[in-house]
Structures are given as C-alpha cells and as structure tokens.
Novice: 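Below: one structure in structure tokens.
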Amino acid sequence: MADATTYSDNRQYLSPVWSHYTDIVVDHAQGPFVYGTDGNRYIDFTCGIGVTNTGHSHPKVVAAAQAQLGKIMHSQINLLFHQPMLDLVEELLPIVPAALHSFFFSNSGAEAVEASIKLARQATKRTNIITFTGSFHGRTVGTMSLTNSNPIYRIGYQPLMAGVFVAPFPYAYRYGWEPEATTAFCLRELRHLLATQTAPSETAAILIEPVLGEGGYVPPTPGFLEGVQQIAREHGILLIVDEVQSGFGRTGKWFGFQHYGADAYPLEPDIIVMAKGIASGLPLSGIAARPELMAKWPTGSHGGTYGGNAVSCAAAVATIRAMRDEKMIENAATMGDGLQGRLRQLQEEYPQIGDVRGLGLMVGAEFVTDQGQPDGKLAKAVTKEALHDKLMLLTCGPYGNVIRWIPPINVSAAVIDEATGIFAGALKRVIG
Ligand code: PLP
C-alpha cells in the first residue's frame, strides 16, 4: 500500500476555477475501482464523468496505447496519415449509420461540438442553431453559448455567441405531465420557435443530446426525437446528436439515438458528435457526418494540431474491439435494468426519490421535497454519505438534485450490489 508521505502535495497551487467533489489523490485505478494515496479503495460510479466506459485501465486498451507510444506519439494529420486513425475508421464504419461515413477527429467534447456547428454553418450557409433547455455542450465560448444546464457556465462571460435559440426539452417529470402531452407541447414549441424567432431559412441545425446529461439524466419522451427529425427535414435543417456522454455503449446501444425511431421511420441524424467513452480516457473526440456535408467544408477552414492523436486513436480502436468482443453493450443494457430495478425498490421505501429513469447504465435518481420541489441539499448529503463508505457518485440537473449513476459498462452484478448496498445505507443515515 502506498505511503501518503511519499507523495508531494501541491494542491494549493491549482486554480480555484476547478471545483472538487473529493479531496482524494488517486494512486491508481483498475476496472470499477479507484485506489487513493490514502490507502482506500473506492467504487467509481462516476467513470471520470462518463469517460472510462471500459473501466479504468482496461488491459487491452493499455496495451494498445503502450504499443503505439513506442511507434509514434504525435503524427500530425496535416503532415502524415497514421495507421491507428485509419484503423479507428475501420471500427467506426459498422457502428455509425452508413449515411454518415465521413469522419473528423479532435480532442475534447466541446471541440467536436464546435466542429459540428462549424460544419453545419458551412454546409447549409445558414447561421442559427437550436438547442434545448437543460442542454450541456461544453465550456468553450462557442459551446457555452449552446449550454443551458446551469448559469454558472455563462455568468460573467457575456456576450455569448449569437444565433443560438432554445426550445424546451421534454422533461416530463419536471413539468408534471404525461409523456404524450410533454412530447406534443415540446414539438409545438419547437415549431413556434421556428415561426417566431429563428426562421428556417436562417437555421442551420438542431443540436440535441439523445439523453440529457448534465441537465438531469433525462431520456426524451417517446416520439420526441422522431418529431424533431421530421421538423428538421421539413425545413432542410440538419439534425446533430451530441453523443458525447450517451455514446459508446453507455445506454446499452452504441449510441443513445439508436433507442429511437422505428424501422418504418428510422432516426437518421446528419451529424453525430462523439467523445468521452470513445478512447477510455485518452483525449479523443470526433464527428461522423454525411459525406455530402463534409464535401462542403472548405479544406483548411477547420482543424487542430492534436486532433486524432495516434495514441488516443490506438486506445479507441482497442476500446471499440473490447466493447464488442466482451459484449459490454449487452452488459450495459442488462445491468442497467437491474440497477434501475434496485433503485425503484429504494424509491418505494424513500418517497424523496421522486423519479428513477435512464437508459442502460445512464441512470438518474431525482430527489424531491415533500412538496415535490427539487431537493439538491438532500442529493448532496446522500452522495457525501456514500463517499464516506467509499462509493463515488455524482449529481447533475440545474438544482443538483439528481444523483447520476455512471458505472463502467462492463460492471458486474456483484459491484452493482455492493454500490446499491452502500447507497441504501447512505439513504438510511441521511433520511432515517
Ligand atoms: N457534450 C456533452 C453531452 C457533454 O456531456 C460534455 C461534457 O460533459 C460535452 C459536450 C463537453 O465535453 P468536454 O468536457 O470533453 O469538452
């Protein structure tokens, strides 16, 4: 076990702009567990905010990255093609829709969202973008303008990028409405927005998270995404799905949008934004888009020094192969059902858990007061107690009242049991 005195502690020199959920200094991590320099083992159900979907340091991913490090680390794409990127394309071709077989790679989620917006503007020669209430798309100047999950991301940074319009996301539980009524209302409001604020002729794209992430872990109500696609098609507006958090097996399918649409009317986004889980923790992001759109993106008008780094791409190739070979996507669907079932049992005991929802292993438990109001204080107290018993859980939602469950997608039933047991203990200590 590591001796804490062998570690230097310079935390006071780090910028206070970073908030810190724990004061743990990590020594190493493996699978669903993080080991602190304090000698403790923590169950990590945060996955570094939805990144380490294959678990920490999956041996196949580590081996692939290590092998690539010894070959070439930085192979700048404007100068050299590199094999890991070409291999990554080979892995992505079967998992994205055939219509989206053109790829651009970058480093972070925000960068990929920005790329999607820049592409949409060039391809349509229109300026405006529609996003949704509760959305989170990043923290760069462009993406914070597209983000509505919490004002902290924009206070003090105005003016924002112009040309962004916001439509209501179908968060049925918050509205207190039935799903059908919520879908109808939100689609009506989207049409209203196009009729009153952003003319279709000026609207380049509708950008949506297939499951709202930071905004509260909310899957859209049935029929909503299909309705959005229909409206987009009617007006020649592009549909961009931000799969940064919901992609790469998280929801029990490769991508969150694949839960929606029917054979007769499939959901066919024009651009998919990918990041986080794609490379198990090495920085990599990208977009997949229709080749006919990419053809309208003038060469040299976008790019970056590091985009599609060779080591990150090698890690992504190993990530996708491991997910496929070890049936992690199927595991996410099964374990997610079990996790939601266990949380629903706890909900019966604790009415303070107002709603349990999610897809696969992207699961939210929303805490409310007796009056049904968001109870962020309670959610925070429960996560604090869980951490005391070495379970790491994050909150989300504008009021911080949703506890989100983001285990690795290859998590075992035993670890889920251990975690929900700790959670039940935390509820008992906090609520009684
Ligand atoms: N889009 C979504 C849906 C996200 O959840 C995030 C990050 O949480 C981003 C974009 C931004 O990604 P990054 O933090 O890598 O820039």
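First listed ligand is number 1; within each ligand, the first listed atom is number 1. Predicted model, so just to flag it, every value in this text is computed and none were measured.
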Novice: Would you tell me whether Thr251 and His259 have side-chain atoms, one donor and one acceptor, within less than 3.5 Å of each other?
Specialist: yes
Novice: Any side-chain donor-acceptor pair under 3.5 Å between Arg139 and Tyr157?
Specialist: no
Novice: So, for Tyr35 and Tyr42, is the gap between ring centers shorter than 6.0 Å?
Specialist: no
Novice: Against Asn401, only a single residue in Lys377, Gln373, Glu366, Gln352 fulfils side-chain hydrogen bond (donor to acceptor under 3.5 Å, both in side chains); can you say which?
Specialist: Glu366
Novice: Give the protein residues with at least one non-hydrogen atom closer than 4.0 Å to an atom of ligand 1, ordered by chain and number.
Specialist: Ser108, Gly109, Ala110, Phe136, His137, Gly138, Glu209, Asp242, Val244, Gln245, Lys276
Novice: Less than 3.5 Å apart, any donor N or O on the side chain of Gln122 or His302 sitting next to an acceptor on the other?
Specialist: no
Novice: Would the Tyr306 and His74 ring centres measure less than 6.0 Å apart?
Specialist: yes
